[in-house]
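Notes for the one structure printed next.
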Amino acid sequence: MIVHWHRKDLRGVDNRALARAAQADRLVPVFVLDPTILEYASPVRVACLLEALADLRAWYRDRGSDLLVVRGNAREVIPSLAAERDAARVVWNEDYSGLAAERDEAVRAALEEEGIDHESVTDGLHHEPGSISPNEGDHYSVFSYFWKKWRDREKADPAPAPTTDELADLEDASESEANPIPSLSELGFDEPDADPPAVTRDAARERLETFCSDAIYRYADERDVPAAGTTSRLSTHLKWGTIGPREVYVETERALEDAPDEDARESVVAFRRQLAFREFYVHLLAFNPETVTEDFSGYESDLEWRNDPDELAAWRAGETGYPIVDAGMRQLRSEGWVHNRVRMLVASFLTKDLLVDWREGYDWYRHYLADHETSSDVAGWQWAASTGADAQPYFRVFNPTKQGREYDPDAAYIREHVPELEDVPADRIHEWPDLDTEERAELAPDYPEPIVDHANRREEAIATFEDARDEG
DNA sequence: CATGCATTCGC
DNA sequence: CGAATGCAT
């Protein structure tokens with residue numbers, strides 16, 4: 001038999017390593033709850049993980065098999081489990097992010113020491129790092145060139161799910177009873193603040209099919225409007241692997257065929273472009289693992305971050321007095337998810353207006369986002385901070401007031417997340433930082449005063465970045 | 001408000 | 001080869 005080690009591929013359908021192994025021998029699926037990995041987790045993410053595990057276990061049990069859930073260090077658990085069951089091979093799907101890549105190297109070494117065969121394949125993205133590259137060098141650092149090649153390259157079909165016959169019969173295995181999926185508190189985590197949508201196969205398929213039959217056709221026009229609900233919301237499923245990238249792409253092909261007009265077709269392509277962004281960032285991190293903590297493109301001298309603890313606390317709490325910033329920061333806590341335009345805008349506010357080191361923002365996202373991916377979040381934060389691979393110019397600073405007016409004209413998104421402003425008219429909300437203090441107190445006595453003046457802070461930020469550029 | 005990246009052009 | 005071009009969530 002072959003051991004399939006599940007990691008960020010919590011599904012039986014469209015799972016490449018699983019499908020390949022199934023052709024060779026009976027499968028024993030296993031997931032390892034590794035304390036060294038859990039150290040970097042957070043309540044909301046562990047809650048998602050446990051839900052997805054329970055769902056996957058049920059999927060296997062429906063097929064007369066089971067998912068073994070083992071606690072311990074993967075480098076010990078995987079070889080010993082393979083040896084105990086006399087497995088011919090251990091297979092898994094690649095994870096290119098820093099910590100996982102290190103762990104996998106250690107597991108490979110341990111397996112080799114035991115003389116156990118192993119194999120890993122690319123599954124979480126269409127084109128693996130190194131496969132899309134410029135004429136010279138191993139990866140692109142500018143997205144548009146990457147996109148041209150990604151878009152035109154042929155995509156694989158979804159991988160078939162293993163049949164009942166291909167799965168090891170684990171129905172009576174005492175191991176299954178001996179390794180119940182632990183609870184959040186058993187793993188030492190508090191209940192999360194957020195209550196994110198279900199991380200299950202049914203929820204993932206439902207989301208994908210709903211999105212690809214309707215909203216995808218308006219995606220190009222509406223994706224930047226947080227109140228419109230036109231984004232796919234597939235990020236959490238892609239992160240945990242409750243949906244496979246090939247499944248998603250196939251639905252975009254169907255959507256393209258069914259598209260009513262040229263605008264709708266372009267909209268489908270606009271969505272694919274976002275799928276490509278995700279893969280672009282995986283490549284960037286795979287070839288630049290140090291950028292998890294280091295600036296991608298450094299300035300001549302270190303950036304003089306202000307790092308004011310009170311301002312950071314206000315940003316975290318969603319109490320900055322800038323309505324759309326606060327809406328985003330509160331959505332983060334309540335949903336474990338934030339609309340992407342708002343992610344960019346709150347990131348700009350933290351790194352530019354408040355001049356707080358992007359790593360602080362990254363850590364906060366890492367704690368609260370159910371869909372946190374090292375690759376996407378590091379790249380996103382560094383882009384916002386103008387330290388990224390394809391950084392926005394340092395002098396480009398989001399204007400939170402303009403962004404609010406432009407993308408949330410009716411203030412529906414703001415009001416949904418900032419109840420203090422529920423009864424304040426949209427035009428007042430959008431000019432909030434420019435109103436008189438008395439008027440603000442009258443309109444929304446419980447809502448905070450703006451903690452900074454954006455115009456001043458913008459100037460100061462640009463000056464700070466210029467200083468870092470010139471000296472050295 | 002710049003600059004660097006990736007490609008294509010021109011010598 | 002270097003210059004010119006197009007372009008950047």
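Naming convention: chains lettered A, B, ... in sequence-line order (proteins, then strands); numbering from 1 in each chain.
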Just name whichever nucleotide pairs with dA2(B), Watson-Crick or G-U, keeping both distances under 3.5 Å, else none.
-> none

Tell me: OH of Tyr219(A) to C1' of dT9(C), nearest whole Å?
-> 11 Å

Between dC1(B) atom P and Gln392(A) atom CD, what is the distance in whole Å?
-> 17 Å

Do the rings of His139(A) and Phe287(A) sit parallel, tilted or perpendicular, given the 30° and 60° boundaries?
-> parallel

Regarding the side chain of Arg469(A), the nearest nucleotide among dT7(B), dT9(C), dA2(B) is dA2(B)

Base, sugar-phosphate, or nothing: which does Phe465(A) touch, judged by heavy atoms less than 4.0 Å apart?
-> nothing

Looking only at side-chain atoms of Arg273(A), point me to the closest of dA2(B), dT9(C), dT7(B).
-> dT9(C)

Please indicate whether Glu442(A) has more than 12 foreign heavy atoms, meaning atoms of other residues, nucleotides or ligands, lying under 6.0 Å from its CD.
-> no

Do any side-chain nitrogens or oxygens of Asn340(A) fall under 4.0 Å of OP1 or OP2 in dT9(C)?
-> no

Integer-rounded Å distance: dT7(B) P and Lys149(A) NZ = 5 Å

Tell me what Arg343(A) touches on the nucleic acid: a base, only sugar-phosphate, or nothing, going by heavy atoms under 4.0 Å.
-> nothing

Asp152(A) CG to dT7(B) P, in whole Å, measures 13 Å

Heavy-atom closest pair (Val91(A) atom, Ala21(A) atom, distance to 0.1 Å) is CG2-CB, 3.8 Å

Out of dC1(B), dT9(C), dC5(B), minimum distance to the side chain of Ser141(A) belongs to dC5(B)

Roughly, in whole Å, what's the span from CG in Asp138(A) to C1' in dC5(B)?
-> 15 Å

Nearest of dT7(B), dC1(B), dT9(C) to any side-chain atom of Tyr145(A)?
-> dT7(B)

What nucleic acid atoms does Tyr394(A) come within less than 4.0 Å of, heavy atoms only: base, sugar-phosphate, or nothing?
-> nothing

Rounded to whole Å, the CZ-P distance (Phe277(A) to dA8(C)) equals 10 Å

Can you check the Glu460(A) CD to dC1(B) P distance for me, whole Å?
-> 22 Å

Measure the distance from CZ on Phe146(A) to P on dT7(B) and round it to the nearest whole Å.
-> 13 Å

So, are Arg343(A) and Asp371(A) salt-bridged, with charged N and O less than 4.0 Å apart?
-> yes

Between Lys352(A) and Phe465(A), is NZ or CZ placed under 6.0 angstrom from the six-membered ring centre and within 45° of the ring axis?
-> yes

With the side chain defined as heavy atoms from C-beta on, Trp383(A) is closest, among dA2(B), dT9(C), dT7(B), to dT9(C)

Considering only heavy atoms and no angle criterion, is a donor-acceptor pair shorter than 3.5 Å present between the side chain of Arg223(A) and the base of dT9(C)?
-> yes

Which is true for Pro134(A) with a 4.0 Å heavy-atom rule: it touches a base, it touches only sugar-phosphate, or it touches nothing?
-> sugar-phosphate

When the ring planes of Phe143(A) and Trp147(A) are compared, do they come out parallel, tilted or perpendicular, using 30° and 60° as the limits?
-> parallel

For dT9(C), the nucleotide meeting Watson-Crick or G-U wobble distances (both under 3.5 Å) is none

